[in-house]
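Reckoned from all heavy atoms, side chains included, excluding hydrogens, waters and symmetry mates. Note that this is a predicted model, so its numbers are computed, not measured.
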Amino acid sequence: MNVFYLEYLKLKKKTRHWIGPIIVFILIMIAYPLTVEFLEKDLEKGFYSLLWISILLSMMLATEDIFLEDYNDGTLEQTIISISSFPFLIAKKIFIYWFMIGIPISLFSFLFSLGITKNLNISLLVFPFAMICSYIFLNLFVFGSALSLNKGSVLGAIITMPLALPVLIVLGKGVIAIQFGINYLELLLLLLGSLSIIITSVPFIVSYIIKAHLE
Amino acid sequence: MNTELIKAENISFKINENRLFHNLTFSLNKGEALHITGSNGSGKSTLIRIILGITPQSKGSIMIINNNNICYLGHKNALKGYLSVIDNLMLHGLNNHKDLNYYLEKLDLIKFLDVVVANLSFGQQKKLALLRVFLNDSDLIILDEPFVGLDKDAHDFVKNFLLKELETGKAIVYTSHIDCEIESKVLNLQ
Amino acid sequence: MYKYIFYFSLFIYIFSLVWGVLFTQEDFVQGNSFRIIYLHVPASFLSQSIYAAMAISSVIYLIWRVKLSAYLILAMAPIGALVTFLALFSGSVWGIPTWGTWWQWDARITSTLILFIMYLGLISLHNSFSNHEKADKLLSWLVIVGFVNIPIIKKSVDWWSTLHQSASITLTDKPTIDPSMLYPLIGSIIGFFGIVICLIIISSKVQIFKREKTKSWIKDYV
Amino acid sequence: MFDFPFKSIEEALYMNGHGIYVWSVVLVVTFCLIYAFAYYKIKLKKFKKKFNEPN
């Protein structure tokens, strides 16, 4: 059976877990201008830091119980004994989550960026950054939620947050680089490189951790 | 042809310095049923998980022929509460099975195909989970407490089904508190 | 042995603290608040050394499977958290009179904060696994990952300008502070080091009791 | 090398206004160290008691 389709079906039916993070993201984005007085200049100043942090937060929300449900109802045991490549399944699952949550959030961040800065160039460049960083965050938080499978997501967040911080710093640098039009490509490539390492390593680590949990 | 499906020699299991069982030796051939009994906490489920290969044993060796061809039903039934019955069957790849309708009718589930699983009763959910056992074609069936929550009819149905499967040369491992008269071997963990 | 270390280091620590806090001349620039150095530097020095020690024992555990080193990791984590907390606290109190702010997002302070969070995470992680050996293994891997991550964070925050003074004592260069201030500082570092080692010894004893309570030799040990 | 720079005890406590910072840090560090030692000592004692009691 096609795993992609099944995961898609599961996520689509769990509206709370699919739409929830996206809505939280949008709400933060809408709430932001209200907290600053409506001065265009001030809005732009803090917008991007807020953007990255809200992407981080919504990714954390999205992965909160990515494995918890399967763990509680016994699906994980079934898959481990029946499927030959568990890491591959995890990689697919993360991809589905990115496709269903990460990409919409990246699109929305493009729209909000356009709406606030009124600068198409910057917003177009922010879009790939958002795509890549949402995927990285998703992987990291999947790692965290696997670690804290039976302890709630806060523990996982504590452990994975330090790993996400360098990415946040690079993102901050990236926006500055875009605004001044210098070497943003390097930073994008740096993110892409770390993404490729993370994509390939996280599924294996996570599958090991989950097997350790099931023992 | 070798008919041995499971061959375990001197398995011991110990977790965090707590010893559950020690030096168990057993084997299982085609057409045999192994009934694992024992008091609560004696390690029945753990033994099943060792046979499945989820938990490694501390000592000893266990050999399972054809590791990937096992049908397993644990006390967690692997059903998604927010999906309908037919969607759940699809998750397990059973929605197009040729015998599906026969078993659905026998288990009184045919009316509930579009009902969300969370709204079914416990016994109905158990029956739905058992469908996976009925529709499988693997040589080794492993069941953890299969009779809990079933009514008399369903109990007899499951029992007869398992007896029929044994005749066709399959092997069954199950844990249960109640005797259900299909076993050919009993393993009692104190 | 333990007792000798304990009393010796306690004596040195108290002696150099009293010397440093009460019997040294006022600093030219910072005034009297510089005296926090005798509490701050040992703590911040050890907060990183303890993590390094944890990383070393994780490597030992992963390569040679020495059980004791796994217990050591567990024993050191809470103490590392405590020491890191002390470093953060004393640092931020020191910051009020000297920088006029109790917090500054620079490389050292940020990485120390992350270190603190990581200690907390590592402490709480171990309980979430039912199989202790697996938990030990995972914990050691995480310690190593964190050990790599700390310099990365430090480097990346370093891209911004920094307020924090560079280290007063390094192994290679001549010390930049006056000997009358330096000797009590060295004394307090040594004393604090000994005290922390004693703490680690007790807490690893607790760990051994916790994990090996079924073994017969532990009765003789008691 | 050992020169007492303050004229009186009060001045040593006050330290030109910096005393509150210095002494609060001293207090917190001492408290934390004592607390940690007490915590582990008590735990150790409990373990030892447990081992000695049943036999």
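Geometric assessment of B:K76 against the ring of A:Y71 yields a positive cation-pi assignment under the 6.0 Å and 45° thresholds.
Other residues, nucleotides and ligands place more than 12 heavy atoms under 6.0 Å from the CH2 atom of A:W98. Counting heavy-atom neighbours within 6.0 Å of A:F47 CZ, excluding the residue itself, gives a total above 12. When the shell of 6.0 Å around CZ of A:F99 is examined, it contains 12 or fewer heavy atoms from other residues, nucleotides or ligands. When the shell of 6.0 Å around NZ of B:K7 is examined, it contains 12 or fewer heavy atoms from other residues, nucleotides or ligands. The number of heavy atoms from other shown groups lying within 6.0 Å of OH (A:Y32) is above 12. Other residues, nucleotides and ligands contribute at most 12 non-hydrogen atoms within 6.0 Å of the CZ atom of A:F108.
Among the candidates A:L76, A:D70, A:T79, the residue making the largest number of heavy-atom pairs closer than 4.5 Å to chain B is A:D70.
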*Working for side chain to side chain contact (heavy atoms under 4.5 Å, CB included), residues A:E77 and B:L52*: CA-CA 9 Å; A:E77 290 173 14; B:L52 286 169; 6.0 Å; no
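Residues B:Y82 and A:R16 form no side-chain contact, since every pair of their non-hydrogen atoms from C-beta on lies 4.5 Å or further apart. Between B:K80 and A:K13 the shortest side-chain heavy-atom distance does not fall below 4.5 Å.
One finds no salt bridge joining B:D87 and A:K10 here, because no Lys/Arg side-chain nitrogen approaches an Asp/Glu carboxylate oxygen to under 4.0 Å. Between A:E215 and B:R49, no side-chain nitrogen of the basic residue sits less than 4.0 Å from a carboxylate oxygen of the acidic one, so the salt-bridge criterion is not met.
Here CD1 of A:I81 is found 11.5 Å from CD1 of B:I51. Values are rounded to the nearest 0.5 Å.
Side chain of A:Q78 to main chain of B:Y72: a donor-acceptor pair is present (N/O by atom type, distance under 3.5 Å, no hydrogens or angles).
Contact detail for A:L214 and B:I54: the closest heavy-atom pair is CB-CG2, 4.0 Å.
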